[in-house]
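Everything on this sheet refers to the single structure shown next.
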Amino acid sequence: MTSSVASDVAAISRLLSETYGSLVMAGDAAGYAGLYADDVLWAPPDASDQASREGVENGIQGLFDKFSFQVDPRAEEIDILDGFAHAIGTVDGVISQRDGGAPVTIRFRVFWLLRKGEAGWKITRQIWNNKPVG
């Protein structure tokens, strides 16, 4: 692995594991949406797809309004080719209802497609599904 590829893998890993998780736990919808490219496809389980940064921000804000999150996202596989990267990983965590309901343990399998531009790596596609916890 060349040093350029290694530094890109490290940057993507930080973006998906540290920055992404911190923004989710902070409930920062605008910061979270800023991780995505303008031509995003954000495909959550059991919800409508979003095809704009504004749609992502509105979609995640709706979740932040209902829940607080403690999450541990991990990019387990990252491959880079010609300014694009795909990452496959998991997000484990606990969500708590803001109105006081019991916390729920969550686990998602996530596919991210990223593109490198002048502003660095941005997520262009995020598709995820629920996985059994246990």
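These figures come from a predicted structure and were not determined experimentally.
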Smallest heavy-atom separation, A29 atom then Q61 atom, equals CB-OE1, 3.1 Å

Report yes or no: does S22 contribute a side-chain atom to a donor-acceptor pair with the main-chain N or O of E18 at less than 3.5 Å?
yes

Got more than 12 heavy atoms from elsewhere within 6.0 Å of CG, D82?
no

State the CD1-NZ distance between I95 and K66, to the nearest 0.5 angstrom.
10.5 Å

For the hydrophobic clusters of this structure (ILVMFWY residues joined by side-chain heavy atoms under 4.5 Å, transitively), does one cluster hold both W121 and V5?
yes

Side chains of I12 and I80: does their closest heavy-atom pair fall under 4.5 Å?
yes

Heavy-atom donor-acceptor pair, R115 side chain to F84 backbone, under 3.5 Å
no

Nearest 0.5 Å, what's the CD1-CG distance between I60 and D65?
10.5 Å

Less than 4.5 Å apart, any side-chain heavy atom of F108 and any of N129?
no

Between V24 and F64, is any pair of side-chain heavy atoms under 4.5 Å apart?
yes

Determine the sole option in R53, E57, Q126 for which the side chain to side chain contact (heavy atoms under 4.5 Å, CB included) test with W42 is passed.
Q126

Between the NZ atom in K122 and the CG atom in L35, the distance rounded to the nearest 0.5 Å is 6.5 Å

State whether the side chain of S7 and the backbone N or O of S4 hold a donor-acceptor pair below 3.5 Å, judged by distance alone.
yes

Using 30° and 60° as the class limits, which term best fits the ring planes of Y32 and Y36: parallel, tilted or perpendicular?
tilted

Are P132 and R107 close enough that some pair of their side-chain heavy atoms sits under 4.5 Å apart?
no

Shared ILVMFWY cluster between M25 and L16, side chains joined below 4.5 angstrom?
yes

Would you say W128 and V94 are hydrophobically clustered, going by side-chain heavy atoms of ILVMFWY under 4.5 Å?
no

CG of L15 to CG of L23, rounded to nearest 0.5 Å, is 9.0 Å

Step through the shown structure and confirm whether more than 12 heavy atoms of other residues, nucleotides or ligands are within 6.0 Å of CD on E54.
no

Could you give the distance from OG1 (T90) to CG (D72), rounded to the nearest 0.5 Å?
7.0 Å

Applying the 4.5 Å side-chain criterion to the ILVMFWY set and letting contacts propagate, would L63 and I106 be lumped into a single cluster?
yes

Verify side-chain contact (heavy atoms from CB on, under 4.5 Å) between N130 and D46, making sure each step is shown before the conclusion.
CA-CA 9 Å; N130 294 310; D46 304 320; 3.6 Å; yes

Evaluate the side-chain proximity of F67 to V104: yes if any heavy-atom separation is below 4.5 Å, no if none is.
no

Between R74 and D92, does any NZ, NE, NH1 or NH2 come within less than 4.0 Å of an OD or OE carboxylate oxygen?
yes

For the atom pair CD (E77) and NE2 (H86), what is the distance rounded to the nearest 0.5 Å?
4.5 Å

Please say yes or no: joined through hydrophobic side-chain contacts below 4.5 Å, possibly via intermediate residues, are L113 and V9 part of one cluster?
no

Could you tell me if the side chain of T124 sits less than 4.5 Å from the side chain of V40, heavy atoms only?
no

How are the rings of Y20 and W112 set to each other: parallel, tilted or perpendicular (split at 30° and 60°)?
perpendicular

